[in-house]
Structure formats: structure tokens, C-alpha cells
Engineer: 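Here's a structure for you.
Just follow the structure's listing: the first ligand is 1, and inside any ligand the first atom is 1. Computed from a predicted structure; not experimentally measured. Computed from heavy atoms alone, side chains included, the values below leave out hydrogens, waters and symmetry copies.
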Amino acid sequence: PETITVAELANRMAARQGDVIKKLMTLGVMATGPQSIDADTAELVVQEFGHRIKRVSESDVELGIEGVEDRPEDLTVRAPVVTVMGHVDHGKTSLLDALRAADVAGGEAGGITQHIGAYQITAPSGKKITFIDTPGHEAFTSMRARGASVTDVVVLVVAADDGVMPQTIEAIKHAKAADAPIIVAINKMDKPGANPDRVRQELLSHEIVVEAMGGDTQDVEVSAQKRTGLDKLEEAILLQAEILDLKANPNRVAEGSVIESRLDRGRGPVASVLVQKGTLRRGDIVVAGAEWGRVRAVLDDRGRQLKEAGPSVPVEVLGITGVPAAGEPFVVVETDTRAREISEFRQRKIKEKQAALQVAARGTLDQMLA
Ligand code: GTP
Ligand code: MG
């Protein structure tokens with residue numbers, strides 16, 4: 001956890017060291033000038049001195065709960081998390097639907113399939129793949145803008161009868177900026193005008209060199225409509241995952257990202273989250289963005305209650321008291337008190353940011369009127 005010396009704290013508040021030490025004593029903390037106190041205690045002292053809290057190096061709060069690095073020996077293989085991107089109408093949604101329908105575990109499981117922003121399938125080989133099913137780079141970039149990096153692999157859908165188009169190029173840029181390897185799905189192969197070689201050729205000018213042309217980007221010909229090539233695509237994703245050596249520690253408190261969330265009439269706030277580390281369980285206390293709550297239920301994309309969800313598993317979580325934004329981090333904490341503290345800290349930061357934006361907006365207006 002972050003710490004600060006008593007002397008430095010006094011210095012930053014322009015207060016006398018002796019006064020800070022006395023204040024600490026009233027809080028039950030014995031410390032001298034060169035000694036360090038933790039960020040929480042420091043925050044209390046700052047408040048006691050009537051200062052506004054400016055512990056804004058976000059890490060002050062974050063580090064205490066999220067900064068624990070896993071030891072290599074505690075890591076185990078996790079499923080890849082895939083985002084599908086591509087030009088409008090090239091078949092992103094159709095492909096996601098087809099992959100989900102082809103899930104070998106889905107058939108016998110039954111249950112009503114619902115949209116929770118992501119789903120996990122089991123490939124014929126028995127290995128699992130997680131798909132974020134809010135496709136398009138908007139979701140991708142808004143998540144990234146919030147600092148969430150959830151995608152391991154980007155599947156770039158290019159219609160074989162249309163070729164590389166402006167949003168294809170956009171998607172390539174986003175994937176590269178995120179350092180996510182691309183797998184090209186050449187879709188609509190069933191169409192009479194399908195010309196996959198033209199697609200491969202066009203990709204060259206955007207520095208995507210597929211394997212057939214001597215590069216290292218995998219490409220797979222598919223038809224989302226006829227459901228062909230889907231297992232090949234899954235194998236390509238799993239091969240890429242192996243190369244990436246994706247691992248996480250399931251034996252720790254859960255951390256992850258909010259994929260989307262909404263207010264459900266009957267159930268209250270419902271958050272779709274992707275667990276990225278650790279294991280999430282019913283009864284856990286979670287902080288998601290500036291919201292928090294005790295997990296009342298963990299559900300999969302078929303509405304089934306789960307006891308727990310490990311790394312790369314997308315779930316719906318009930319029990320959070322608000323609606324956190326997509327891309328916000330979530331983390332399990334020890335106590336209600338801690339959860340409330342972090343949530344309040346973040347709420348305050350949001351308010352500060354809004355106030356600053358208002359001031360900036362007013363400034364611009366003043367300039368415009370001057
Ligand atoms: P946006 O979300 O609007 O960007 O489109 P999208 O990329 O999700 O494409 P979508 O899956 O909605 O498909 C667009 C159209 O292409 C629909 O009419 C699909 O039926 C059709 N389509 C998708 N995949 C295939 C395919 O493999 N073959 C054929 N023939 N048509 C397809
Ligand atoms: Mg779509």
C-alpha cells in the first residue's frame with residue numbers, strides 16, 4: 001500500500017509536524033516525523049486539518065487493493081478473450097451468433113440464451129473461448145479509454161465480396177494500438193462474388209500479411225450464414241492463445257472489467273463483468289467503478305446460477321447498488337467499509353472532474369464572449 005512520511009504530509013499541508021503528530025495520536029496512531037503512515041490514515045489527517053482531499057494519484061487508493069502481483073507458479077492457463085471488429089455489414093453480428101449457436105456445450109445445456117455483453121463457448125477440442133459480443137470498435141475504444149484492456153485477440157471480419165473498407169482499416173489501427181494480434185475472418189464465402197485473394201491482397205497495404213503470403217497473420221475463410229469454417233476459426237484463435245501464453249491466478253480475490261451494465265426492472269442494477277484474475281463468488285463484496293455492493297447472484301449467459309467464476313469467464317452480477325460504466329474496473333475487497341471508502345473516493349473524483357469540466361467550459365464561453 002501507498003505510504004507517506006509524517007514529515008512529508010505536514011509539509012504538503014503546510015502544517016507543523018508537531019500538530020500532525022498530535023492529530024495522529026488522537027486517531028490512535030503513534031508516529032514520528034520520519035515514520036510512514038498509510039494512505040488511509042493520511043487521508044483522515046488531511047480531512048481533520050480541513051483540507052480537501054487531493055490524494056489524486058489514483059494509485060493511492062488502487063494500489064492497496066489491486067497492486068498485488070501474482071507469482072508465476074500460481075498462474076494457470078485461461079481462455080482467450082476475443083473482440084470481433086470490421087466494416088459495417090461485413091457480418092460481425094452474424095458471425096458472433098453463428099459461433100454461439102455452434103457451441104458444443106450449449107446444445108445440451110438448454111436455458112434461455114441472453115445477451116450479457118460477452119459469452120464463452122467450448123470449441124470441439126474442449127477448450128474455451130470468450131467472445132465480447134458488443135462488437136465494433138466503439139465498445140473497444142470506449143473500454144480502452146477507461147483503461148480496460150480485456151481483449152487478447154481481435155477477429156477482423158472482412159466480407160469476401162466487398163474487401164477492405166474504411167472501417168476495416170480503422171479496426172486494424174485500433175487492434176495495433178492495443179497490441180492485440182489480429183486473425184482475419186474472410187466472411188460471406190458463400191456469395192457468388194466472393195474473392196478471398198483480393199482481400200488478402202488489399203490487406204497487404206495495411207501491413208497485414210497473412211500466412212499464405214508469407215506473413216504471420218492467420219486468416220480463415222468462413223460463412224457466418226452457412227456456418228462454414230467456424231471450427232477452423234476457433235482453432236486459429238486457440239493457436240493464437242497458445243502463442244500468447246495467456247495465464248491468470250484463479251486463487252485470489254477477483255478482479256476484472258465491467259463489459260456493460262443496466263437497470264433491470266425486476267432485478268435492479270445488473271452488471272456484466274469479465275473476471276480477469278481470481279475467482280468471483282456469491283457473497284463477495286465488490287467495487288465496480290464508483291459503485292459497490294455484495295454479490296447476490298452470479299449468472300452465466302444462459303441465466304444459470306454459478307457458484308463461482310474464474311479468469312476469462314463473463315458473468316452477470318446482481319447486488320451492485322448502481323450502474324457502473326463499461327470499461328470500469330471491478331475488484332473484490334475485504335469489507336463493506338473498504339468498499340464504501342473506495343466508492344466514495346471515486347464518486348468524489350467524478351464530481352471534481354465534472355466541476356473542472358464546467359469551469360473549463362465556462363472559461364471557453366467567457367473567451368468566446370470576450
Ligand atoms: P453492423 O453491425 O451493422 O456493422 O453489421 P455486421 O457487421 O454486424 O453485419 P451483420 O451480421 O448484421 O450482417 C450484415 C448482412 O450480411 C446481413 O444481411 C447478413 O445476413 C449478411 N451476412 C452476414 N454473414 C453472411 C454470410 O456469411 N453470407 C451471406 N451471404 N450473408 C451474410
Ligand atoms: Mg452488427
Side-chain angles (χ1 to χ4, degrees), residues 81-104 106 113-121 123-124 129-145 150-151 153-178 180-203 206 208 210 212 217-237 259-262 272 274 301 314 326-327:
V81 180
V82 179
T83 298
V84 172
M85 294 202 268
H87 193 70
V88 59
D89 270 357
H90 277 198
K92 301 177 289 293
T93 305
S94 305
L95 186 60
L96 281 162
D97 290 348
L99 286 160
R100 194 180 199 189
D103 177 11
V104 299
T113 303
Q114 47 195 58
H115 173 88
I116 68 166
Y119 61 82
Q120 194 175 58
I121 61 142
I129 305 174
T130 302
F131 288 94
I132 306 284
D133 82 350
T134 44
H137 23 248
E138 246 166 73
F140 187 77
T141 37
S142 76
M143 301 256 288
R144 287 233 310 136
V150 300
T151 301
V153 176
V154 166
V155 166
L156 181 69
V157 180
V158 189
D161 62 337
D162 204 24
V164 171
M165 298 300 276
Q167 282 170 276
T168 317
I169 300 165
E170 277 295 300
I172 293 170
K173 283 186 192 150
H174 287 304
K176 287 197 168 162
I182 292 173
I183 294 171
V184 183
I186 307 180
N187 189 32
K188 306 199 186 185
M189 282 303 294
D190 59 287
K191 282 200 151 186
N195 186 351
D197 279 332
R198 195 189 77 186
V199 174
R200 296 187 183 96
Q201 193 65 43
E202 287 171 350
L203 286 169
H206 303 282
I208 304 282
V210 299
T217 301
Q218 299 187 82
D219 67 296
V220 186
E221 296 178 4
V222 299
S223 165
Q225 200 180 70
K226 296 272 185 273
R227 306 210 164 151
T228 57
L230 300 181
D231 44 352
K232 282 218 179 79
L233 178 59
E234 289 170 3
E235 286 315 309
I237 293 165
I259 310 250
E260 57 181 52
S261 61
R262 62 181 191 283
S272 295
L274 176 73
D301 64 321

Engineer: Nearest non-hydrogen contact with atom 13 (O) of ligand 1 belongs to which option: Gly229, Ser94, Ala194?
Structural biologist: Ser94

Engineer: Whether the side chain of Gln218 engages the backbone of Ala236 through a donor-acceptor N/O pair (distance < 3.5 Å, no angle test) should be reported.
Structural biologist: yes

Engineer: Under the rule for salt bridge (Lys or Arg N to Asp or Glu O under 4.0 Å), what residues qualify as partners of Asp161, not counting sequence neighbours?
Structural biologist: Lys191

Engineer: Any luck finding a side-chain donor-acceptor pair between His90 and Asn187 under 3.5 Å?
Structural biologist: no

Engineer: Give, for atom CZ of Arg100 and atom CG of Leu96, the distance between the pair rounded to the nearest 0.5 Å.
Structural biologist: 9.5 Å

Engineer: Under 4.0 Å from any heavy atom of His87, which atoms of ligand 1 are there?
Structural biologist: 7 (O)

Engineer: Can you tell me how far the OG1 atom of Thr217 sits from the CD1 atom of Ile208, to the nearest 0.5 Å?
Structural biologist: 5.0 Å

Engineer: Would Asp190 and Thr228 satisfy side-chain contact (heavy atoms from CB on, under 4.5 Å), going step by step from the backbone distance to the final call?
Structural biologist: CA-CA 9 Å; Asp190 59 287; Thr228 57; over 6 Å; no

Engineer: Looking only at N/O atoms, are Val222 and ligand 1 under 3.5 Å apart anywhere?
Structural biologist: no

Engineer: Quick one: does ligand 1 sit under 4.0 Å from the side chain of His90, the backbone, both or neither, non-hydrogen atoms only?
Structural biologist: backbone

Engineer: Quickly, which of Val155, Val150, Leu233, Ile183 forms a side-chain contact (heavy atoms from CB on, under 4.5 Å) with Val82? Name it, please.
Structural biologist: Val155

Engineer: Ala224 to ligand 1: N or O pair under 3.5 Å?
Structural biologist: yes

Engineer: The criterion is salt bridge (Lys or Arg N to Asp or Glu O under 4.0 Å); which residues satisfy it with Asp197, sequence neighbours excluded?
Structural biologist: Arg200

Engineer: Does Met189 have a heavy atom less than 4.0 Å from any atom of ligand 1?
Structural biologist: no

Engineer: Residue-level breakdown please: for Thr93 versus ligand 1, do any non-hydrogen atoms fall below 4.0 Å on the side chain, on the backbone, on both, or on neither?
Structural biologist: both

Engineer: Does ligand 1 have a heavy atom under 4.0 Å from the side chain of Lys226, from its backbone, from both, or from neither?
Structural biologist: neither

Engineer: I'd like the name of whichever of Lys191, Lys92, Lys188 reaches closest to atom 25 (C) of ligand 1 through any heavy atom.
Structural biologist: Lys188

Engineer: In terms of atom number and element, which parts of ligand 1 are under 4.0 angstrom from non-hydrogen atoms of Val88?
Structural biologist: 3 (O), 4 (O)

Engineer: For ligand 1, does Asn187 get within less than 4.0 Å through its side chain, its backbone, both, or neither, judged by non-hydrogen atoms?
Structural biologist: side chain

Engineer: Within less than 2.8 Å of the Mg ion (ligand 2), any N, O or S from Thr93?
Structural biologist: yes

